[in-house]
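Inspection log for the structure reproduced underneath, given as structure tokens.
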There are 2 protein chains.
Amino acid sequence: MRSYHQFCGLAKALDLVGDRWTLLIVRELLLQGPARYSDLQRGLPGIATNLLGTRLRELVARGIVERRESAPPVATPLFALTAWGEELRPIVLALGRWAGRTLISPAPRDRVRSHWLALPLEHLLVDRTPQRAPVHIELRTGERPVTLEVAGEVRVHTRRSERPDAVLIAPPHVIIALLAGRLTLAAARARGLRLEGDASALKRVRPSSTGRRSTVPVTSGTYGPARPAPVRAR
Amino acid sequence: MRSYHQFCGLAKALDLVGDRWTLLIVRELLLQGPARYSDLQRGLPGIATNLLGTRLRELVARGIVERRESAPPVATPLFALTAWGEELRPIVLALGRWAGRTLISPAPRDRVRSHWLALPLEHLLVDRTPQRAPVHIELRTGERPVTLEVAGEVRVHTRRSERPDAVLIAPPHVIIALLAGRLTLAAARARGLRLEGDASALKRVRPSSTGRRSTVPVTSGTYGPARPAPVRAR
DNA sequence: CAGCATCCGCTTTGATACTG
DNA sequence: CAGTATCAAAGCGGATGCTG
């Protein structure tokens, strides 16, 4: 991208991550953690492969992403955010939250990925007993599973946990409603939730009290009980 | 811009403000408050006139900016952020802060405007006595003046205050160093500061204690005492 | 003159094809 | 799987011109 050539932090930020697709690539890396090229492609429907390649090269050159060559025998390179790149997390969250009011329901041409909806969960959920040992909760809904890492704060990523303490299997709107506190466990079960593992792990997370508006992007009709989830299955 | 067609808050945010120049226009409106077309042009060196027109139309259509036709006799239309647009303020600040580490010194082709540097001041400064009546401090440095509105929190804008409680006249690096607490008032005077009005108004603001890193974008050599300020004098 | 709209050459993007 | 190569279409930047 052409630089703005303005000596201003915002202009420099846009020089760095203002290109088309760039922040969405960062979103995927925030959600997926270290990811392969094809993992990124899957999370970025619509991107042209040459653009993904170009953007990754630029991000690496700028120090926002690092490319890790894996073990010599087989395996493929992984892309991961640098520490600096990770610092974009609150900004990406805030931007998503800012635009959340427009997320009423998917437009006809809109692609949906369930892990995208997991991003606001970080904002919505709070660890009630931060001093205890970390707990992993796996959510299976739609495509690939999403893991909630509850360890003082709540982190969401798409890596499958080694040994999750609890596994929730349900359509997105049920999982969201349950985690947002709008459904009891029993009510969620009645709507198709299957829970494996330790139910008490669930009690550890609860919606943060800042939820009044922050729930809007998540709920706002789209994943309300009245409507089937628009997530395309796998 | 083409939509990403992704049902995700971040993607929708980028559909709304991800175009080239759009967030910089928001920056100007955050800093200037309601502004005329030509005021915006002045704060956006490098923008093509047709793009500014197009972007403003898009921002109005999207509900982020409103266009106010002024009084019938003469006067020109004003552009202002809507309440929703104002909510971008912390995001724009955070983005600028994120990229702050790259603001070592202006590149040869970089344009500089002193009011851009005022943006991080909002982040840096804190009102020590929030319960007292608001105080206005006018900063004159380089081009047009910038006003600090100290009223519980600190807001920066480029409107000239009606009756400022204090006026600081000095090159940018002296003003920044003074406000960042790196120069005493006496030392600043020795470096060319002129202070008019109520000196005690100055005591009311102080650098926030989160300054360890946040000062980097502001200081980091660029406006340090050793180097003349690169702001082009009007 | 402020506030735009039009025109045109150039750059970036998007879709697809192709290769190690 | 992990990209590069190719090419058409769209977007941008700069100049210029029109209108109150």
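Note that this is a predicted model, so its numbers are computed, not measured. So that the names make sense, note that chain A is the first sequence line, chain B the second, and so on, each numbered from 1.
With hydrogens and angles disregarded, a donor-acceptor distance shorter than 3.5 Å links the side chain of A:R62 to the backbone of A:L16. Under a 3.5 Å cut-off, the side chain of A:D165 and the backbone N or O of A:H136 do form a donor-acceptor pair.
Applying side chain to side chain contact (heavy atoms under 4.5 Å, CB included) to A:V92 and the options A:L31, A:L23, A:L24 leaves one that passes, A:L23. Of the residues B:V60, B:L56, B:T54, the one that meets the side chain to side chain contact (heavy atoms under 4.5 Å, CB included) test with B:E58 is B:T54.
Taking five base pairs at each end of the helix from C:dC1-D:dG20 to C:dG20-D:dC1 and finding the rotation axis that steps the C1' atoms of four pairs onto the next four gives two axes whose angle is 30°, to the nearest 10°.
The stretch residues 10-22 of chain B touches DNA chain D through B:R20, B:W21, each having a heavy atom within less than 4.0 Å of the strand. Within residues 26-56 of chain A, the residues approached by DNA chain D to less than 4.0 Å at the level of any non-hydrogen atom are A:R36, A:Y37, A:S38, A:T49, A:N50, in residue-number order.
Using a 4.0 Å cut-off between a side-chain N of Lys or Arg and a carboxylate O of Asp or Glu, B:K12 and A:D110 qualify as a salt bridge. Salt bridge present: A:R155 and A:E153 bring a charged side-chain N and a carboxylate O closer than 4.0 Å.
Atom OH in A:Y4 sits roughly 16 Å away from atom C1' in D:dG14 (whole-Å rounding). In this structure, A:L24 atom CG and C:dG14 atom P are separated by 11 Å, rounded to whole Å. Distance CD (A:E58) to C1' (C:dT11): 13 Å, rounded to an integer number of Å. Between A:R67 atom CZ and D:dC1 atom P there is a gap of 16 Å when expressed in whole angstrom units. Following rounding to the nearest Å, B:R68 (CZ) and C:dG3 (P) show an atom-to-atom distance of 15 Å.
For A:T76, a side-chain nitrogen or oxygen approaches OP1 or OP2 of D:dA2 to under 4.0 Å. Applying the 4.0 Å criterion to OP1 and OP2 of C:dT12, one finds that B:R2 has every side-chain N and O outside that range. For the OP1/OP2 pair of D:dT4 and a distance below 4.0 Å, the side-chain nitrogens and oxygens of A:R57 include at least one atom meeting the criterion.
Ring geometry for A:W84 against B:W98 counts as parallel: the plane angle stays under 30°, on a 0 to 90° scale with 60° as the upper cut.
In summary, the side chains of B:Q6 and A:R109 do not present any donor paired with an acceptor at a separation below 3.5 Å, with no hydrogens or angles considered. If you check the side chains of A:H157 and A:E149, you find a donor sitting under 3.5 Å from an acceptor. Checking A:H115 against A:E28 by side-chain atom types alone, a donor-acceptor pair falls below 3.5 Å.
Cation-pi contact between B:R20 and A:Y4: present, with separation from the ring centre below 6.0 Å and deviation from the ring axis of at most 45°.
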